[in-house]
Asker: 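Starting off with a structure, shown below.
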Amino acid sequence: MKVLGLITARGGSKGVRRKNVRLLHGKPLLAYAIQASLSSLSINRTIISTEDEEIAQVGRKFGAEVPFIRPAELAQDTTPMFPVVEHALLALREQGDNYDAVCLLQPTNPLRRPSDIDACVTMLAESDADSVISVLPVPPEYNPHWVYWRGNDGGLSISTGQKEPVSRRQDLPEAVHRDGTVYVSRAATILCGKSLYGDRVLGYEVDPNYSVNIDTEDDWKEAEARLRVENE
């Protein structure tokens, strides 16, 4: 399976300004995603999709390729991820480079391990799934069977649509949530199915010690502290 490592990094981050090129424990945040992709045994090529020249320069410095500059209209606050990934595959196809799958690596998790990338790619290659995403368990108190929607009139309804909640914690079905570390999708799912996920999605459970998602300054401080401990 020929797999593209795609790192998406735009310049206009809001929660943490210019976070992709900001130094985290001595390196630009972007560098951690690049190094994980380059260290993976299953990624054939590592590229960055960005509209920002400084991000492109940092990416090249740490070993990634920047074969195109992302159009500005695909780098807005409201731009969903699907058209960004689709654009990357189509741009490379025009250059004569095709892939069986794409591994989306967002720079926001600097603790990502190459082994987790490889495990997700292997899971996809050895299954009939359309995509594989990294996940973490949902704590019982946030299980969908115990979560309620609040209506405009203040009334509550269980998120599963059932009338009665599961009464005992031991009877709750296992629930997981995506953690954002790794997304692997078949190219056909994206280009033909027009979806990042497809009809059949598998989950790979990551070690929570290697999962962090930097959206705020508090997240940044947590990642800095965890990297400091890991490198002591």
Side-chain angles (χ1 to χ4, degrees), residues 3-21 29-30 32-34 36-37 40 42-52 55-56 58-59 64-94 97-112 116-117 120-121 123-124 129-136 176-204 206 211-216 219:
V3 182
L4 173 69
L6 174 62
I7 300 169
T8 55
R10 66 186 188 91
S13 56
K14 295 294 185 183
V16 180
R17 186 177 178 276
R18 302 291 295 169
K19 66 183 175 184
N20 288 310
V21 293
L29 177 62
L30 180 65
Y32 292 92
I34 295 171
S37 183
S40 163
S42 53
I43 300 294
N44 297 93
R45 184 183 185 187
T46 299
I47 73 164
I48 292 175
S49 170
T50 186
E51 88 296 356
D52 187 278
I55 290 176
V58 170
E65 298 178 54
V66 188
F68 55 80
I69 295 298
R70 193 198 308 181
E73 60 268 23
L74 292 180
Q76 305 302 308
D77 290 342
T78 57
T79 303
M81 188 56 67
F82 172 76
V84 175
V85 178
E86 181 185 43
H87 170 266
L89 286 174
L90 291 175
L92 293 179
R93 175 182 282 185
E94 289 181 1
D97 197 11
N98 293 295
Y99 291 86
D100 300 305
V102 57
C103 180
L104 174 62
L105 302 171
Q106 299 178 93
T108 46
N109 183 4
L111 304 179
R112 177 189 292 110
D116 289 329
I117 297 174
C120 289
V121 171
M123 185 178 287
L124 183 70
D130 298 309
S131 62
V132 174
I133 63 174
S134 58
V135 298
L136 286 172
V176 297
H177 67 89
R178 62 180 187 177
D179 87 309
T181 297
V182 183
Y183 300 81
V184 187
S185 305
R186 297 188 190 276
T189 299
I190 296 166
L191 297 178
C192 301
K194 300 300 179 183
S195 170
L196 280 178
Y197 302 97
D199 295 326
R200 178 163 166 74
V201 183
L202 296 182
Y204 169 77
V206 295
S211 177
V212 67
N213 190 23
I214 297 179
D215 284 325
T216 67
D219 297 333

Asker: Given side chain to side chain contact (heavy atoms under 4.5 Å, CB included), test Tyr204 with Val182 step by step and report yes or no.
Answerer: CA-CA 9 Å; Tyr204 169 77; Val182 183; over 6 Å; no
Asker: Using only atom types and a distance under 3.5 Å, with no angle test, would you say the side chain of Arg112 pairs donor to acceptor with the backbone of Ser37?
Answerer: no
Asker: So which atom in Ala33 and which in Leu105 form the shortest heavy-atom distance, rounded to 0.1 Å?
Answerer: O-CD1, 4.4 Å
Asker: Using 0.5 Å steps for rounding, measure from the CG atom of Asp179 to the OG atom of Ser134.
Answerer: 3.5 Å
Asker: Which residue is it: Asp130, Val102, Leu90? I am looking for the one with a side chain to side chain contact (heavy atoms under 4.5 Å, CB included) to Ile190.
Answerer: Val102
Asker: Does the side chain of Ser131 reach to within under 4.5 Å of the side chain of Leu196, using non-hydrogen atoms?
Answerer: no
Asker: Working note: Val3 + Asp100, criterion side chain to side chain contact (heavy atoms under 4.5 Å, CB included); need CA distance, chi angles, decisive distance, verdict.
Answerer: CA-CA 6 Å; Val3 182; Asp100 300 305; over 6 Å; no
Asker: Should Leu136 and Val206 count as side-chain neighbours, where that means a heavy-atom distance under 4.5 Å?
Answerer: yes
Asker: Just wondering, are more than 12 heavy atoms of other shown residues or ligands nearer than 6.0 Å to CZ in Arg18?
Answerer: yes
Asker: So which heavy atom on Ile43 is nearest to which on Cys103, and how close?
Answerer: CD1-CB, 3.7 Å
Asker: How many angstroms lie between CG in Leu74 and CE in Met81, if you round to the nearest 0.5 Å?
Answerer: 11.0 Å
Asker: Search all heavy atoms of Leu111 against all heavy atoms of Ser211 and return the closest pair with its distance.
Answerer: CD1-N, 4.3 Å
Asker: How about Asp199: does its CG atom have over 12 heavy atoms from other parts shown lying under 6.0 Å from it?
Answerer: no
Asker: Do you know which two heavy atoms are closest between Arg93 and Leu191, and how far apart they sit?
Answerer: NH2-CD1, 3.2 Å
Asker: Find the distance between CG (Asn44) and CG (Leu4) and round it off to the nearest 0.5 Å.
Answerer: 8.5 Å
Asker: Evaluate the side-chain proximity of Arg70 to Thr8: yes if any heavy-atom separation is below 4.5 Å, no if none is.
Answerer: yes
Asker: Do you know which of Leu30, Asn20, Ile47 makes side chain to side chain contact (heavy atoms under 4.5 Å, CB included) with Ile7?
Answerer: Leu30
Asker: How close do Ile48 and Pro67 get, heavy atom to heavy atom, and via which atoms?
Answerer: O-CD, 4.4 Å
Asker: Just how far is it from atom OG1 of Thr79 to atom NE2 of His87, taken to the nearest 0.5 Å?
Answerer: 12.0 Å
Asker: Looking only at heavy atoms, what is the nearest atom pair of Pro110 and Val212, with distance?
Answerer: CD-CG1, 3.7 Å
Asker: Quick check for you: to the nearest 0.5 Å, what is the distance between Ser49 atom OG and Phe68 atom CZ?
Answerer: 4.5 Å
Asker: Given side chain to side chain contact (heavy atoms under 4.5 Å, CB included), test Asp77 with Arg10 step by step and report yes or no.
Answerer: CA-CA 9 Å; Asp77 290 342; Arg10 66 186 188 91; 2.7 Å; yes
Asker: In Å and rounded to the nearest 0.5 Å, what is the CG to OG1 distance from Asn213 to Thr181?
Answerer: 8.0 Å
